[in-house]
Amino acid sequence: RVQMVESGGALVQAGGSLRLSCTASGLDLDHFALGWFRQAPGKEREVVSILSRSGRNTYYIESVKGRFTISRDDARNTLYLQMDSLKPEDTALYYCTTVGSDPNAKLGFSPIFNYWGQGTQVTVSS
């Protein structure tokens, strides 16, 4: 059974940093393209960042470019999202999942296999 477990979320002041982690069991993360998504209260879930299967290509939505960095540690089977210069508008529940190519989706990828964890809450105070 596949489980995705996100962690690292917290309450932080604007301008602060957090590193989110996503650990998978029952799944080798290096076999898939991966993505971080977020959902703020009253809003739809949106993609934040994508890491290609090879790990060589990364993609970010415009609002987080230059502030967030996605990466993967194959030895730990863990996906990360380093979040710097956090803003109140980054407040959301963050999730990781496997993604596949989708030219109609933002950043060209959309979730596949429906592997979702409980998410980790990021709250940025102004």
Side-chain angles (χ1 to χ4, degrees):
R1 178 170 170 259
V2 173
Q3 278 193 303
M4 312 290 277
V5 179
E6 302 92 347
S7 63
L11 171 62
V12 63
Q13 287 191 330
S17 297
L18 288 173
R19 188 177 78 158
L20 305 185
S21 299
C22 168
T23 301
S25 59
L27 185 76
D28 289 330
L29 292 182
D30 62 356
H31 290 182
F32 299 93
L34 301 165
W36 282 99
F37 293 73
R38 67 186 180 187
Q39 186 165 20
K43 294 188 178 181
E44 291 189 355
R45 187 168 56 202
E46 66 168 349
V47 65
V48 176
S49 180
I50 299 291
L51 179 70
S52 66
R53 176 180 172 178
S54 69
R56 289 193 291 269
N57 299 306
T58 58
Y59 308 87
Y60 302 92
I61 57 173
E62 199 61 38
S63 61
V64 308
K65 275 183 183 177
R67 300 189 298 119
F68 289 10
T69 303
I70 190 171
S71 63
R72 189 182 73 210
D73 184 331
D74 294 339
R76 289 183 166 82
N77 204 33
T78 299
L79 180 72
Y80 299 103
L81 186 68
Q82 177 67 40
M83 309 165 69
D84 298 318
S85 301
L86 282 161
K87 302 177 181 181
E89 50 263 43
D90 295 319
T91 294
L93 193 58
Y94 284 72
Y95 303 88
C96 66
T97 193
T98 53
V99 297
S101 177
D102 182 352
N104 294 318
K106 186 180 285 188
L107 299 185
F109 292 86
S110 60
I112 57 171
F113 304 133
N114 209 33
Y115 296 146
W116 297 101
Q118 295 301 306
T120 187
Q121 179 66 42
V122 173
T123 303
V124 184
S125 64
S126 55

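Proximity of Tyr94 to Gln121: side-chain heavy atoms (C-beta onward) are nowhere separated by under 4.5 Å. Side-chain contact check for Val122 versus Met83: some heavy-atom pair is nearer than 4.5 Å. At least one side-chain heavy atom of Ser21 sits under 4.5 Å from a side-chain heavy atom of Tyr80. Contact annotation: the side chain of Lys106 approaches that of Ile61 to within less than 4.5 Å [non-hydrogen atoms, C-beta and beyond].
By the 6.0 Å and 45° rule, Arg38 does not stack over the aromatic ring of Tyr95.
Between Ser17 and Asp84, the shortest heavy-atom contact is OG-OD1, 2.8 Å. Residue Leu20 comes nearest to Gly8 through the heavy atom pair CD2-C, 3.6 Å, listed as atom of the first residue, atom of the second, then distance. Across all non-hydrogen atoms, the minimal contact from Val48 to Phe37 is CG2-C, 4.0 Å. Among all heavy-atom pairs drawn from Arg67 and Leu86, the shortest one is NH1-CA, 3.8 Å. When all heavy atoms are compared, the tightest approach of Leu11 to Ser125 is CD1-CB, 4.4 Å. Looking at every heavy atom in both residues, Cys96 comes nearest to Trp116 through O-CE3, 4.1 Å.
Applying the ring-ring contact (aromatic ring centres under 6.0 Å, His included) test to pairs two or more places apart or on separate chains, those with a residue in residues 43-64 are Tyr59-Phe109.
Both Phe113 and Val2 belong to a common hydrophobic cluster when Ile, Leu, Val, Met, Phe, Trp and Tyr are linked at side-chain heavy-atom distances under 4.5 angstrom.
Not one N or O on the side chain of Thr91 forms a donor-acceptor pair closer than 3.5 Å with the backbone of Thr123. Distance alone, capped at 3.5 Å, is enough to place a donor-acceptor pair between the Asp90 side chain and the Lys87 backbone. Here the side chain of Thr98 pairs a donor or acceptor atom with the backbone of Ile112 at under 3.5 angstrom. A donor-acceptor pair under 3.5 Å links the side-chain atoms of Thr97 to the main chain of Tyr115, judged by distance alone. A donor-acceptor distance shorter than 3.5 angstrom exists from the side chain of Arg72 to the backbone of Arg53, with no hydrogens or angles considered.
No donor-acceptor contact under 3.5 angstrom links the side chains of Asp73 and Thr78, judged on distance only.
In this structure, Gln82 CD and Ser71 OG are separated by 8.0 Å, a value rounded to the nearest 0.5 Å. The distance from the OG atom of Ser7 to the CD atom of Gln118 is 13.0 Å, given to the nearest 0.5 Å. Expressed to the nearest 0.5 Å, how far OG1 of Thr69 lies from CG of Leu51 amounts to 11.5 Å. Taking CG from Leu34 and SG from Cys22, the interatomic distance works out to 7.5 Å, rounded to the nearest 0.5 Å. Leu107 CG to Ile50 CD1: the interatomic distance, rounded to the nearest 0.5 Å, is 6.0 Å. Between the CG atom in Leu79 and the CG atom in Asp30 there is a gap of 12.0 Å [rounded to 0.5 Å].
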Working note: Met4 + Leu29, criterion side-chain contact (heavy atoms from CB on, under 4.5 Å); need CA distance, chi angles, decisive distance, verdict. CA-CA 10 Å; Met4 312 290 277; Leu29 292 182; 4.1 Å; yes
